[in-house]
Asker: 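This is the structure, below, for whatever I ask next.
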Amino acid sequence: MTSKHRKPYIAGNWKMNLGRAQALDLIKTIKGRLGDGSDREVAVFVPSVYLADVAAVAQGSPLGVGAQNIYYETEGAYTGETSCQMIREVGADRTLVGHSERRHLFGEPDEWMARKMRCALDHGVVPMLCVGETLDERKANRTERVLKRQLEAGLMLLKPDDYHLASIAYEPVWAIGTGEVATLEQIGAAHACIRKFLAAKIEAEIAQTVRVLYGGSVKPDNAAAIMALPDVDGLLVGGASLKPDTFIPIVEFDS
Ligand code: PEP
């Protein structure tokens with residue numbers, strides 16, 4: 001199976017942006033301009049407090065709605081955290097795991113990622129594991145080592161049957177929200193490294209089902225070129241997902 005046989009997956013990460021009215025306007029506009037979802041999967045990862053409202057608007061459409069983060073315990077004294085059951089209960093069906101802002105601003109360790117991935121899958125929440133190197137790590141030629149470490153840790157508790165549900169987002173930390181896009185060569189090399197890791201870890205047939213997305217300053221004018229790379233199956237879009245005028249053209253990239 002080549003990337004051209006995996007359904008393209010375009011996802012927006014709203015981060016901690018948008019007021020409630022703006023969030024609802026945005027989701028209504030995206031829903032209204034979305035096709036039938038047959039040739040590409042589209043989802044938005046929204047602030048937890050808006051999940052119920054946004055999921056209610058998206059209901060009945062092919063638009064996926066997910067959380068930006070989860071905690072791996074099911075309930076208890078974990079002030080400020082959100083469980084997978086809570087996310088499911090309000091109508092969301094997916095979550096990001098290990099976004100670089102969680103790892104680097106909030107100090108979430110690699111070990112948590114395996115538990116979060118397991119917890120999400122056990123509760124019917126489809127996880128997207130985010131991995132990526134910092135600028136210092138890239139400059140020190142440690143990109144592949146970092147990716148392998150993060151993949152090993154994040155996928156540690158997955159069973160063969162889980163892989164077709166999971167996706168991976170390669171997001172170089174230095175390209176997130178900076179306007180600096182990785183070159184096509186850098187993206188190609190990182191995605192090839194991720195595919196090689198998957199091929200070595202699990203049966204080839206299963207490895208081929210996992211979609212690998214790129215994220216980092218994706219805009220309407222670079223989306224098609226990135227999507228044309230052989231190992232890129234989708235895009236995780238931050239800043240440009242906050243406005244229909246920039247998100248919709250990315251969703252509608254010419255394949
Ligand atoms: C992100 O938030 O995952 C992201 C890639 O952000 P941006 O597109 O703004 O770089």
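Ligands are counted one by one from 1 in listed order, and the atoms in each one are counted from 1 as well. In this text the structure is predicted, and so the values were computed from the model without any measurement.
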Asker: Any N/O of Leu236 closer than 3.5 Å to an N/O of ligand 1?
Answerer: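 No; the residue has no nitrogen or oxygen that sits under 3.5 Å from a nitrogen or oxygen of the ligand.
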Asker: Knowing that exactly one of His5, Met227, Arg195 qualifies, which makes a side chain to side chain contact (heavy atoms under 4.5 Å, CB included) with Asp233?
Answerer: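 That would be Arg195; it is the only one of His5, Met227, Arg195 passing the side chain to side chain contact (heavy atoms under 4.5 Å, CB included) with Asp233.
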Asker: Run the side-chain hydrogen bond (donor to acceptor under 3.5 Å, both in side chains) test on Tyr170 and Glu133 for me, step by step, so that the C-alpha distance in whole Å, both residues' side-chain angles and the decisive distance to 0.1 Å come before the verdict.
Answerer: CA-CA 9 Å; Tyr170 166 60; Glu133 81 288 0; 2.9 Å; yes
Asker: With sequence neighbours left out, what residues match Arg142 under side chain to side chain contact (heavy atoms under 4.5 Å, CB included)?
Answerer: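 By the side chain to side chain contact (heavy atoms under 4.5 Å, CB included) rule, Arg142 matches Glu137, Ala140, Arg145, Val146.
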Asker: Test your reading of the structure: does Thr178 have an N or O sitting under 3.5 Å from an N or O of ligand 1?
Answerer: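 It does not: no N or O of Thr178 is found under 3.5 Å from an N or O of ligand 1.
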Asker: Could you list which atoms of ligand 1 come closer than 4.0 Å to a heavy atom of Gly216?
Answerer: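 Listed by number with element, the hits are 5 (C), 10 (O).
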Asker: Where on Asn13 is there a heavy atom closer than 4.0 Å to ligand 1, on the side chain, on the backbone, on both, or on neither?
Answerer: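 Just the side chain.
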Asker: How far is atom 1 (C) of ligand 1 from its nearest protein heavy atom, and which residue and atom is that?
Answerer: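 The closest heavy atom on the protein side is His99 NE2, 3.3 Å.
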Asker: Pair Met113, Leu129 - check side chain to side chain contact (heavy atoms under 4.5 Å, CB included), show working.
Answerer: CA-CA 8 Å; Met113 306 318 161; Leu129 177 68; 4.2 Å; yes
Asker: Heavy-atom pairs closer than 4.0 Å: do any link ligand 1 to the side chain of Ala175, the backbone, both, or neither?
Answerer: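 Looking at Ala175 and ligand 1, just backbone atoms fall under 4.0 Å.
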Asker: Taking the minimum heavy-atom distance to atom 10 (O) of ligand 1, which of Pro172, Gly179, Gly238, Gly177 ranks first?
Answerer: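 Heavy atom nearest to atom 10 (O) of ligand 1 belongs to Gly177.
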Asker: Do any pairs count as a salt bridge (Lys or Arg N to Asp or Glu O under 4.0 Å) and have a residue in residues 146-162, sequence neighbours left out, and if so which ones?
Answerer: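 For residues 146-162: Asp110-Arg149, Arg118-Asp162, Glu144-Lys148, Glu152-Lys201.
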Asker: Salt bridge or not between Asp231 and Lys196? Use side-chain N to carboxylate O under 4.0 Å.
Answerer: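 Salt bridge: no.
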Asker: To check your reading of the model: name the closest protein heavy atom to atom 5 (C) of ligand 1, its residue, and the distance in Å.
Answerer: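 Nearest protein contact, heavy atoms only, for atom 5 (C) of ligand 1 is Glu171 OE2, 2.9 Å.
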Asker: Provide, to 0.1 Å, the distance between atom 2 (O) of ligand 1 and the closest protein heavy atom, together with that atom's residue and name.
Answerer: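 Nearest neighbour among protein heavy atoms for atom 2 (O) of ligand 1, to 0.1 Å: Lys15 CE, 2.6 Å.
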Asker: Can you name the one residue among Thr29, Ile248, Val42 that meets side chain to side chain contact (heavy atoms under 4.5 Å, CB included) with Leu34?
Answerer: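 By the side chain to side chain contact (heavy atoms under 4.5 Å, CB included) criterion, Leu34 pairs with just one of Thr29, Ile248, Val42: Val42.
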Asker: Around atom 9 (O) of ligand 1, find the nearest protein heavy atom and jot down its residue, atom name and distance.
Answerer: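 Its nearest protein heavy-atom neighbour is Gly239 N, 2.8 Å.
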Asker: For the pair His191 and Tyr214, name the ring-plane relationship: parallel under 30°, tilted 30 to 60°, perpendicular over 60°.
Answerer: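 If you compare the ring of His191 with that of Tyr214, the planes turn out tilted.
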Asker: Is Ser217 close enough to touch ligand 1? Criterion: a residue heavy atom under 4.0 Å from a ligand atom.
Answerer: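 Heavy atoms of Ser217 do come under 4.0 Å of ligand 1.
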Asker: Considering only heavy atoms of Gly215, which atoms of ligand 1 have at least one such atom less than 4.0 Å away?
Answerer: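 Near Gly215, the atoms of ligand 1 are 5 (C).
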